[in-house]
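See structure below.
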Amino acid sequence: MLEVYRNSSIDWKPSPVVALAASPDDCQVAAAREDGSLEIWLVSSGSVCWHCQLTILGDPSSRVSSLVWCRSGLKGAPSGRLFSSSIDGSISEWDLYHLKQKIVLDSVGVSIWQMAVQPYKNTLSDAEHKSHNTENGIVIDRCSDDNDSSSSESDDDDDDSVEVHEQSLVENPCIAVACDDGCVRLYTIFDADELIYNKSLPRSSLNFMVGRALSIAWSLDGKMIYSGSSDGIIRCWDVKHACELYRITVGLGGLGSGTELCVWSLLALRCGTLVSADSTGSVQFWDSKHGTLLQAHSFHKGDVNTLAAVPSHNRVFSAGSDGQVILYKLSNIPGESISNGKQPSTELIRRWVYVGYIRAHTHDVRALTMAVPISKEETLPDEKVKRARRKEKPLDFSYHKWAHLGVPILLSAGDDTKIFAYSAKEFTKFSPHDICPAPQRVQAQLVLNSAFSQIPLLLRQAYNWVDICTIQLRNGAVSCKSPPGALVTANLVARVNSNRNKKITCSAISPSGSLFSFSNHVKLSLFELKRSEVGKCAWRVNKRSLPSKIPFAHSIIFTSDSSQLIVAGHDRRIYVVDAGSSEVVHIFTPFRKEDEDSPPNEPPITKMFSSTDGQWLAAINCFGDVYIFNLEIQRQHWFISRLDGAAVTAGGFPPQNSNVLLITTSSNQVYAFDVEAKQLGEWSRRNSFHLPRRFQEFPGEVVGLSFPPSTSSSSVVIYSSRAMCMIDFEKPVDWDDSSNIISGLDSLSKKLISSPMNGRLKRKLRDHNLKTKHFGKKNFEFFAFRDPVLFIGHLTKNSVLVVDKPWSEVVKSFDAPVHKHIYGT
């Protein structure tokens, strides 16, 4: 039985999400956080392929206010160009290939609240009828095509015929910027690394008390711009002539009162409707042609911060400070009866109807966006989605019951740092999926037999400092199924702050524990840890010098004998540094076969693993390509292209065989490579494409591996923030039981955590325990976690250290929500 020691004393305070933006092809989502960092997430139609592909550390002093993702022009970036505005008045572009933030517009002198990119001009092609989105096209479903006559969600209301329009890219699109001085400024996007000023939409000279421009939206034809301000006015602008066409006084149609009414978000729909969201809790629908009010809803109990619509524009979502995400649907409502002399008929009136809400967030919701999954999760042959009501929910709930390839989904994020995914089509029927159960997970590394009397050491990487702790066991150990408890004490012995409080990008500690290193966006630093038997201070930290030519790093590791520090620099080179002399002994330039003699042009390296015998180095770039280097002869040995297009989430060399490289991917596959032979290992050839179903539905993204510290062990622990799985490579893979997810304790454990144990669950748990007792320990055995897990590492062959943190304690560190939900109301 594997024994588990837990420690929950780690400092963990993730940063709120302030903006979201989907890529032009809707297969990626950018999330900007308050601390200046940016995350790129791969959108998945299943629960197993959500993956944070990139993290770029931006300027923490410049808070992002909005994100826009433009299609590529002549510059040819494959995923488009991503821009962000800032409260300090600047606009930045995020380089997703070099992982850096570039200022493309210096401050305009005032804060920028929101940006909107000019819509793309479309050229009508041959009409095709498809129910899902298509490649190289835009799916357009006219609002008038929806003939649903009720306010409930229908199963086929989005399956109407659609028109497919091919896209003709605007060569130099414009970005409209809503500024704090009330002006709307237009900038043109060129291939150069700067934005060119185009024009300003002037403030009215008749009114000197012009409010701040807080929100902005383009009309679908790109001829008009709508701006919302802090004086409760929506203005419609003619872009060509830079003049105001009309204005709308929003008024206090919802809750609250005051001298200022802020229009926080605007949304222009294809059917000619303009939607506004304001600080009174109102969501209002306007006729954009005449500026007249069509409908108003006041279901929010606080500011409405953001709006989003499905591609067919017949469903609109709103979210705000009360944590609610609300759905409004365009429906046909029976009107007055009309008699034509022969037969009475009923007139149908088009109305935006409130459907329902979901409150998954505990704090303010700041951003909404729509995305389209590109990865497909196969369903069981006999699996059907049952829509009939029943008294009790099914025991096993899977996200793939409502998420499908090519079907849009809604994403929300906010001050509670979480990102949730919803079914846009069946919004109220299914619970949202938490794609980020452990946001901004704290990095940690465990040293078992340190040079200091074999005391275990733990390195913990915080925002701008690194802690070194000693691990002390107390109160004994417990099995994986025992209740969690603080059974391990982490005693802080050293804390080193980053220079000028710069955010740390990566860190590492040597296997001996005597050396540790970290890097920020300025430089790489190396330190030596010493222990003194005399004096008041038992531990000392000395800083070691490094050559100035070593750049800051995206990833660093030490070799198994602690003799070398390996640095993956931001210049896309890999530096091998002698730990004793601090001199660079070799520089690797990753390459593909056809580019062996070219300068560095591969994506940055973000992960590295070294073998226990010191011969092999595996370096993985941010897109999932693997480079194998031979450290003995100092040459690149092998290049492995990304596996089935999936990103690499974790990896390592097992102590039992240094010639084997284990890799896990975002599609929940495990690969074992024979490095010397440059081929897939025997185990993978037999099993990699036939893994148990319960492993393919592994809850959460795999974030790490832990190997037992024994050369005789053939097992590995694979873990996410929600669960861990034990795999023994010498045991057979149980294919016959691959569909029986309950035997792996996946959904059962989650059910046990979230609700009291009833008789049915007790019987299932008893049956599982009896089966395990009679047939022995199974391979691919799962253990679910009650609290988010940040790190797992083996202490001995049969025990592991689990570093976790109750989410309730993390939430206590956040600022209080504006509107707090009261139970029973």
Is the backbone of [Y] close enough, under 3.5 Å, to the side chain of [X] for a donor and an acceptor to pair up by distance?
X: S517; Y: S525; value: yes
X: E34; Y: P16; value: no
X: W539; Y: L492; value: no
X: N779; Y: D728; value: yes
X: S519; Y: T505; value: no
X: Q440; Y: S15; value: yes
X: S555; Y: A568; value: no
X: T612; Y: S658; value: no
X: N657; Y: N659; value: yes
X: N668; Y: F695; value: yes

Ignoring hydrogens, what is the shortest heavy-atom contact between [X] and [Y]? Give both atom names and the distance.
X: P708; Y: S713; answer: CG-OG, 3.3 Å
X: C52; Y: E39; answer: SG-CB, 3.9 Å
X: F558; Y: A508; answer: CE1-O, 3.7 Å
X: A579; Y: L515; answer: CB-CD1, 3.6 Å
X: L691; Y: Q669; answer: CD1-OE1, 3.8 Å
X: C622; Y: P603; answer: SG-CB, 4.0 Å

List in chain and number order the residues that pass salt bridge (charged side-chain N to carboxylate O under 4.0 Å, His left out) with [X], two or more places apart in sequence or in another chain; answer none if no residue qualifies.
X: D11; value: R495
X: R441; value: none
X: K503; value: D35

Do the non-hydrogen side-chain atoms of [X] and [Y] ever get within less than 4.5 Å of each other?
X: V811; Y: D416; result: no
X: V522; Y: N499; result: no
X: R722; Y: D434; result: yes
X: P439; Y: K418; result: yes
X: Y627; Y: I605; result: yes
X: P511; Y: S562; result: yes
X: P551; Y: Y575; result: yes
X: C469; Y: N491; result: no

### Task
Would you sort out whether V716 and F729 count as a side-chain contact (heavy atoms from CB on, under 4.5 Å), showing the intermediate values?
CA-CA 8 Å; V716 64; F729 294 98; 3.5 Å; yes
### Message
With side-chain contact (heavy atoms from CB on, under 4.5 Å) as the criterion, how do F609 and I620 come out once you've worked through the C-alpha distance, each side chain's angles and the decisive distance to 0.1 Å?
### Response
CA-CA 9 Å; F609 314 103; I620 301 166; 3.4 Å; yes
### Query
Is it true that the side chains of Q101 and D59 contain a donor and an acceptor less than 3.5 Å apart?
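Short answer, no.
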### Query
For residues H554 and T606, is any side-chain donor paired with an opposing acceptor at under 3.5 Å?
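H554 vs T606: no donor-acceptor pair found between side chains.
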### Task
Please test V442 against F791 for side-chain contact (heavy atoms from CB on, under 4.5 Å), starting from the C-alpha separation and ending with a verdict.
CA-CA 8 Å; V442 176; F791 172 78; over 6 Å; no
[atom1]-[atom2] distance between [X] and [Y], expressed to the nearest 0.5 angstrom:
X: I663; Y: L661; atom1: CD1; atom2: CG; answer: 4.0 Å
X: H433; Y: C436; atom1: NE2; atom2: SG; answer: 10.5 Å
X: L2; Y: F783; atom1: CG; atom2: CZ; answer: 7.0 Å
X: L801; Y: H794; atom1: CG; atom2: NE2; answer: 11.0 Å
X: L99; Y: L38; atom1: CG; atom2: CG; answer: 10.5 Å
X: I557; Y: C506; atom1: CD1; atom2: SG; answer: 11.0 Å

### Query
When V802 is tested against each of N7, V789, V488, L790 for side chain to side chain contact (heavy atoms under 4.5 Å, CB included), which residue passes?
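Looking at N7, V789, V488, L790, the match for V802 under the side chain to side chain contact (heavy atoms under 4.5 Å, CB included) is V789.
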### Query
What residues, two or more places apart in sequence or in another chain, satisfy ring pair (Phe, Tyr, Trp, His ring centres under 6.0 Å) together with H363?
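For H363 the ring pair (Phe, Tyr, Trp, His ring centres under 6.0 Å) partners, ignoring immediate neighbours, are F814.
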### Partner set under ring pair (Phe, Tyr, Trp, His ring centres under 6.0 Å) for H361, not counting sequence neighbours
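Per chain and number, H361 pairs via ring pair (Phe, Tyr, Trp, His ring centres under 6.0 Å) with F420.
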### Query
Which pairs with one or both residues in residues 494-524 pass ring pair (Phe, Tyr, Trp, His ring centres under 6.0 Å), sequence neighbours excluded?
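Qualifying pairs, neighbours excluded: F516-F527, F518-F527, H521-F552.
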### Task
Kindly state each residue pair satisfying ring pair (Phe, Tyr, Trp, His ring centres under 6.0 Å) with at least one member in residues 648-667, sequence neighbours excluded.
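Found none.
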### Query
Counting only heavy atoms not in D815, do more than 12 fall under 6.0 Å of its CG?
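12 or below, so no.
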### Message
According to salt bridge (Lys or Arg N to Asp or Glu O under 4.0 Å), does anything in residues 448-460 pair up with another residue at least two apart or in another chain? List the pairs.
### Response
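Every salt bridge (Lys or Arg N to Asp or Glu O under 4.0 Å) pair that includes a residue of residues 448-460, provided the two are not neighbours, is R460-D467.
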### Message
Among residues at least two apart in sequence or on other chains, which ones pass side chain to side chain contact (heavy atoms under 4.5 Å, CB included) with A413?
### Response
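A413 satisfies side chain to side chain contact (heavy atoms under 4.5 Å, CB included) with V17, L20, I419 once adjacent residues are dropped.
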### Query
With P60, which residues qualify under side chain to side chain contact (heavy atoms under 4.5 Å, CB included), at least two apart?
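P60: side chain to side chain contact (heavy atoms under 4.5 Å, CB included) contacts with Y463.
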### Query
Run the side-chain contact (heavy atoms from CB on, under 4.5 Å) check on F785 and D804 step by step: do they pass?
CA-CA 9 Å; F785 300 130; D804 59 5; over 6 Å; no
### Query
What residues, two or more places apart in sequence or in another chain, satisfy side-chain hydrogen bond (donor to acceptor under 3.5 Å, both in side chains) together with T664?
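Result, side-chain hydrogen bond (donor to acceptor under 3.5 Å, both in side chains) vs T664: T649.
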Determine all donor-acceptor pairs shorter than 3.5 Å in which one atom belongs to a side chain in residues 449-459; sequence neighbours excluded.
residue : atom : partner : partner atom : Å
S450    : OG   : F452    : N            : 3.3
S450    : OG   : I455    : N            : 3.3
S450    : OG   : I455    : O            : 2.5

